[in-house]
Amino acid sequence: MTSLNSTWNWLHRGVSEIFPHRPDSDDPDENLQRRIELSGQPLRVKLGIDPTGTDLHLGHSIAVRKLRAFQDAGHTAVLIIGDFTAQIGDPTGKSEVRRQLTAEQVKKNAQTYLDQLRPILDFDTPGRLEIRYNSEWLAQLDLNQILQLLATMTVGQMLAKEGFAERYSQENPIYLHEFLYPLMQGYDSVAVKADVELGGTDQKFNIAVGRDLQRHFGLKPQFGLLVPILLGTDGGQKMSKSLGNYVGLWENAVTMYSKLEKTPDAIIQEYVELLTNLTWEELPENPRERQKVLALDVVTQYQGKEAALEAQKAALSQGEAGSIPEFSLQDVQFPVKLFYIVSAAGLSKGSSEARRLIQGGGVKLAGEKVSDPNLVFERAEEMEGKVLQVGKNKFARLVK
């Protein structure tokens, strides 16, 4: 029983809400812990991601890390790539209509997502991970089946969804295809026979729709397990690339480390709980040292121990973490060659020296050595957020 309780405590770590949740009940349909104890076989734990962009950040990793925890507890992770639903666009939390993507855009985005998730999930052990694309079943629905889905929900119920209600009251347009999104995502749970669905706290409505649809189709309704929305590195607003308070899963070790090592004291315990396997009790009492431990642990997860230690050394060489100077790309005329950026950022005495440094292997961009001084960048977005390094001690973070 101790082992079961220990496993449950680990699965429950950092969870905002489970529904339904009656911890005193022995009914495995009301108590997820009892379902796990009595199932006798791996549960099917679903997480859906819509590849609507190319970049993931640590905020996206929380639910994926929880999916890994279920993998480690012996359950089957079912990762749904919403290649069909991404073309609709999740209206959750949106005050306006989302731009619809093409199938080709979604396919390309999906591959970048999977590449970024490999450090988190177990992709290799047989039976531990199913990767499913929801076009597999959603693209096959005919009009009669779609009408059947629509008949399971009223307009009033749909307008109760956060976002829809706000847009309706403000007389902002809501298109009928947007009503389909919660139903399509819910139908994913029917198609894969999910026992548990993971998601952020903003996904409760969609997960509840999945429960309703499973019940409608004669299946046992799934449990919903909600995880928090991560605050950004500013400690004030949710992590978002558009707000600049993010740590990207694709970023190089130096950039990740320098951002994390200045995590505000007010949110560091939350970061430790949600982004690491560390316990608060094992951390140093000194807040500065806690930041270092957090940064080193997270960077190690995504970049490896050696790269994390090198990033820590680079941060120490700059004095205080986060003191890497920023170089604004706003006044740079694009397209631009790399040697010009090295020179303009003050990392060399001039263009000629910048060329020599690059050709001599002394320049790294985003942790990768570059040797062509005439490497051309067409847009600022290609360089934004990356760290330019010359030698061991000169750094500049490129910002717009």
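For the single chain, residues carry numbers from 1 onward in sequence order.
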Basic-acidic side-chain contact under 4.0 Å: Lys220, Asp29: yes

query: Is any NZ, NE, NH1 or NH2 atom of the basic residue among Glu104 and Lys107 found under 4.0 Å from an Asp or Glu carboxylate oxygen of the other?
result: no

Can you name the residues that form a side chain to side chain contact (heavy atoms under 4.5 Å, CB included) with [X], not counting sequence neighbours?
X	answer
Leu243	Gln237, Ser240, Asn245
Ala165	none
Thr201	Ser16, Leu226, Ile229
Glu310	Lys313

Quick one: list whatever passes salt bridge (Lys or Arg N to Asp or Glu O under 4.0 Å) with [X], sequence neighbours left out.
X	value
Lys46	Glu197
Glu326	none
Lys193	none

Ring pair (Phe, Tyr, Trp, His ring centres under 6.0 Å) partners of [X], counting only residues at least two apart:
X	result
Phe339	none
Trp10	none
Tyr271	none
Phe217	Tyr187

Whether the side chain of [X] engages the backbone of [Y] through a donor-acceptor N/O pair (distance < 3.5 Å, no angle test) should be reported.
X	Y	value
Glu261	Ala295	no
Arg132	Ile80	no
Glu282	Thr279	yes

message: Using every non-hydrogen atom in the two residues, find where Ala253 and Ala307 come nearest and quote the distance to one decimal.
response: CB-O, 3.7 Å

- line: Closest heavy-atom pair, Arg35 versus Pro28, reported as atoms and distance to 0.1 Å, is NE-O, 2.9 Å

field: Geometric class of the Phe179/Phe164 ring pair [parallel <30°, tilted 30-60°, perpendicular >60°]
entry: perpendicular

statement: side chain to side chain donor-acceptor pair (under 3.5 Å) filter on Arg68, not counting sequence neighbours, yields Asp72

message: Here's a test for you: under side chain to side chain donor-acceptor pair (under 3.5 Å), which of Lys259, Gln303, His57 qualifies with Glu251?
response: Lys259

